[in-house]
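Heads up: the structure comes next, in structure tokens.
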Amino acid sequence: MKNSFGNDFYEAVFTIVRLIPEGKVSTYGDIARFLGIGSSARMVGWALNSVVDREDVPCHRVVNRNGELSGAMHFATPTLMKELLLKENISFIGNAVNLSEHRWVIELDV
DNA sequence: CTATTGACCTTCT
DNA sequence: GAGAAGGCCAATA
């Protein structure tokens, strides 16, 4: 079946991450769920791993359910992710993002 | 080809 | 409320 993303789960993730507005962040689970949880949130991270070199996809705007920068270690530098988020005026709670203020909800209802 | 790990989340005990 | 286990799909060894 040719779902909107059913063809390429990866492209779907890239597309959504690319649509993340500035100063907002999304979570792996939310994205995976939006796609239909057909592959688990894990695949989302793997997909992003292929995009770390691509500046078209702000992987730094994607964090885990806890708001922690889980994939920060996979970036060029372990602090690059935090730095980028800080430049976006994103609030930080210790080592995690303030999801209460920057949790971007996918346009499911909007 | 089989086994293990991996940027995770949900649910049961 | 906290902790542990399972599940999902894919890639790498």
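Chain A is the first sequence line, chain B the second, and so forth, proteins listed ahead of strands; every chain is numbered from 1. Keep in mind that the numbers below use all heavy atoms, side chains included, and drop hydrogens, waters and symmetry copies.
- The distance between atom CE of A:M43 and atom P of C:dC9, rounded to the nearest whole Å, is 9 Å.
- Between the CG atom of A:N49 and the NE2 atom of A:H74 there is a distance of 6.5 Å, given to the nearest 0.5 Å.
- At whole-Å resolution of the value, CD1 in A:I31 and C1' in B:dA7 are 11 Å apart.
- Of the P atoms belonging to B:dT4 and C:dG6, the separation is 15 Å, rounded to the nearest Å.
- DNA chain B is contacted by both A:W46 and A:N66; A:W46 maps to the nucleotide lying nearer its 5′ end (nearest heavy atom per residue).
- Within the 4.0 angstrom heavy-atom criterion, only backbone atoms of the sugar-phosphate kind lie near A:N64; the bases stay farther away.
- Between A:E11 atom CD and C:dA10 atom C1' there is a gap of 17 Å when expressed in whole angstrom units.
- The separation between A:E68 atom CD and B:dC9 atom P is 10 Å, rounded to whole Å.
- From A:T27, atom OG1 reaches atom CZ of A:F34 across 12.5 Å, with rounding to the nearest 0.5 Å.
- If you take CG of A:L48 and C1' of C:dA11, they are 15 Å apart, rounded to a whole angstrom.
- Annotation: B:dA7 and C:dG3 have their P atoms spaced 23 Å apart (nearest Å).
- A straight line from CG of A:L84 to P of B:dA7 spans 19 Å, rounded to a whole angstrom.
- Put simply, CZ on A:R61 and CE on A:M81 are 11.0 Å apart, with the number rounded to the nearest 0.5 Å.
- Rounded to whole Å, the C1' atom of C:dA10 lies 16 Å from the corresponding atom of B:dC1.
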Report the C-alpha separation of A:V63 and A:L99 in whole Å, then their side-chain angles, then the decisive distance to 0.1 Å, and conclude whether the side-chain contact (heavy atoms from CB on, under 4.5 Å) test is met.
-> CA-CA 9 Å; A:V63 294; A:L99 292 176; 4.1 Å; yes
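- Here the CG atom belonging to A:N64 is positioned 11.0 Å from the CG atom belonging to A:D30, to the nearest 0.5 angstrom.
- A:M73 has its CE atom 15 Å from the P atom of B:dT5, to the nearest Å.
- Rounded to a whole Å, the CG atom of A:L35 is 14 Å from the C1' atom of C:dC8.
- Side-chain proximity of A:N49 to B:dA7, C:dC9, B:dT10: nearest is B:dA7.
- Closest approach to the A:R33 side chain among B:dA7, B:dT10, C:dA10 is made by B:dT10 (side chain taken as heavy atoms from C-beta onward).
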